[in-house]
Amino acid sequence: MGKLLIVGTVAFDAIETPFGKTDKILGGAATYISLSASQFGVHSGIVSVVGGDFPTTYLERLNARGINTDGVEIIEDGKTFFWSGKYHNDLNSRDTLITDLNVLADFNPIVPESFLNTEFLMLGNLHPAVQMGVIKQIPKRPKLIVLDTMNFWMDNTLDELMEVIAKIDVITINDEEARQLSGEYSLVKAARKIHKMGPEYVVIKKGENGALLFYNDEVFFAPALPLEEVFDPTGAGDTFAGGFIGYIAKTNDISFNNMKRAVISGSNLASFCVEKFGTERMEDLTYDEIRERLLQFKLLTQFEIELG
Ligand code: AMP
């Protein structure tokens, strides 16, 4: 089992869906990724930053799942990154209402000594300069570097983002972001172009329509589980990424065949995340529930056909 370092926002989120509205609750890309990866019992740690307004109990909730937060800097006189979003009725699309970078605006990440030898590096969604800062601090290149990003950073910091993309092995982005990054409408063409930017593997997330894994000329599809009830899709993409890297770190296998299992694992974890508001479902999830649902994924995709 490999060690896993996760970089990303630890945040306050305020969410509005057709089913309700929250005040500032625990959120952030690194939060969702780490909660998801923690299901695999890997030794994981977060590098991030919060302000003095961030309740210590929130960090304790992550510690309770075995997540090391020594690399989460607390700027006592600063304010925590804040994101607010409102979902449309289809729950597949949302408007970002507020992105307040606050302490993230001039964050200098420091990788804790105990994670300098990390084998797996998950660069979650945050400023690409921070992602690059972490890559540069790790003396021996990790076995696998996975990057997740979003349109906000493409709009505001594209050059820095491109430098990071050139250094990674796997990129996970959603379909709209893949189109924006590549300038191609076809996701097959988009993946090919993104592949040329650096990553050998391109994962394109399509929300309730599953995810595609591209590797050279091969493509693998992981469906999303059709769910009876979806309350809040926030964090589903990060949870997917956490399920992907968590599975790979646990199995210590970076072959294409294992990545296929990893995208199924990501889809599986994401299907839980959306069942309750914020991180709630991810915090009470058990491994037995995950295993049980994996069987549903198998049944959903298996079929026999005569090739006559
Ligand atoms: P997802 O629904 O997977 O796209 O992720 C939602 C999470 O991403 C929320 O918890 C937010 O705090 C976080 N987030 C939103 N915008 C950004 C951003 N520009 N950079 C980093 N994290 C963000």
Side-chain angles (χ1 to χ4, degrees), residues 6-17 22-37 46-51 54 58 62 72 79-88 91-105 107 109 122-131 146-158 160-161 164 172-178 180 203-208 211 224 230-245 266-267 269-283:
I6 298 157
V7 188
T9 43
V10 172
F12 283 134
D13 285 352
I15 305 159
E16 192 174 338
T17 81
T22 68
D23 257 342
K24 285 184 174 181
I25 57 169
L26 170 62
T31 303
Y32 282 102
I33 294 169
S34 61
L35 284 172
S36 181
I46 299 180
V47 168
S48 191
V49 64
V50 293
F54 197 72
Y58 281 12
L62 299 178
V72 179
K79 281 172 75 181
T80 300
F81 174 86
F82 173 60
W83 176 78
S84 165
K86 183 174 174 180
Y87 287 85
H88 302 159
L91 283 177
N92 242 349
S93 51
R94 71 184 177 204
D95 294 327
T96 287
L97 306 176
I98 303 171
T99 303
D100 282 339
L101 295 181
N102 296 329
V103 287
L104 188 65
F107 173 47
M122 176 73 228
L123 300 171
N125 196 5
L126 91 179
H127 199 304
V130 176
Q131 296 174 323
V146 180
L147 171 122
D148 188 82
T149 189
M150 72 186 286
N151 53 353
F152 181 88
W153 304 111
M154 292 174 197
D155 293 340
N156 297 301
T157 55
L158 186 61
E160 285 161 292
L161 180 61
V164 180
T172 72
I173 45 176
N174 74 28
D175 41 3
E176 278 315 303
E177 292 153 359
Q180 178 171 348
V203 179
I204 300 182
K205 300 172 282 185
K206 289 152 57 76
E208 67 173 350
V230 174
F231 276 104
D232 172 19
T234 307
D238 302 312
T239 302
F240 174 92
F244 176 84
I245 191 73
S267 256
L269 270 297
S271 75
F272 289 103
C273 174
V274 301
E275 288 181 339
K276 287 186 181 170
F277 264 103
T279 58
E280 203 183 330
R281 187 67 178 101
M282 296 312 292
E283 290 185 75

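Residue numbers start at 1 and run along the sequence shown. In listed order, ligands and their atoms are each counted from 1. Both backbone and side-chain heavy atoms feed into the values below; hydrogens, waters and symmetry mates do not.
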Within the structure provided, determine whether P109 and V7 are in side-chain contact (heavy-atom separation under 4.5 Å). no

What are the atoms of ligand 1, with element, lying closer than 4.0 Å to any heavy atom of G235? 1 (P), 2 (O), 3 (O), 5 (O), 6 (C)

Are the side chains of F277 and I15 in contact, using a 4.5 Å heavy-atom criterion? yes

Give the numbers and elements of all ligand 1 atoms closer than 4.0 Å to a heavy atom of G237. 3 (O)

N or O contact, G27 vs ligand 1, cut-off under 3.5 Å: no

Among D238, T234, V10, whose heavy atom sits nearest atom 8 (O) of ligand 1? D238

I'd like to check which ligand 1 atoms, numbered from 1 as shown, lie under 4.0 Å from a non-hydrogen atom of F152. 19 (N)

Side-chain donor-acceptor pair present, E208, N92, cut-off under 3.5 Å: yes

among protein heavy atoms, the one nearest atom 14 (N) of ligand 1 is F81 CE2, 4.0 Å

Which residue and heavy atom of the protein sit nearest atom 22 (N) of ligand 1, plus the separation: T9 OG1, 2.9 Å

If you measure from the Lys or Arg side-chain nitrogens to the Asp or Glu carboxylate oxygens, is any gap between D238 and K205 under 4.0 Å? no

With heavy atoms and a 4.0 Å threshold, my read on which part of N125 contacts ligand 1 is both

Of all the atoms in ligand 1, which lie at a distance below 4.0 Å from a heavy atom belonging to D13? 9 (C), 10 (O), 11 (C), 12 (O)

Can you list the ligand 1 atoms lying under 4.0 Å from a non-hydrogen atom of G28? 9 (C), 10 (O), 12 (O)

Quick one: are W83 and I98 in side-chain contact, heavy atoms under 4.5 Å? no

Options R94, M150, E177, ranked by nearest heavy atom to atom 4 (O) of ligand 1, top entry: R94

Tell me whether the rings of Y58 and F12 are parallel (<30°), tilted (30 to 60°) or perpendicular (>60°). perpendicular

Give a yes/no on ligand 1: does W153 have at least one heavy atom closer than 4.0 angstrom to it? yes

Taking the non-hydrogen atoms of Y32, is any one of them nearer than 4.0 angstrom to ligand 1? yes

Just checking, is any N or O donor in the side chain of T172 or D148 under 3.5 Å from an acceptor N or O on the other one? yes

Ignoring angles and geometry beyond distance, decide whether A11 reaches within less than 3.5 Å of ligand 1 through its nitrogen or oxygen atoms. no

In the structure I gave you, are the side-chain heavy atoms of V50 and K79 within less than 4.5 Å of one another anywhere? no

Determine whether the side chains of T234 and Y32 contain a donor N or O and an acceptor N or O closer than 3.5 Å. no

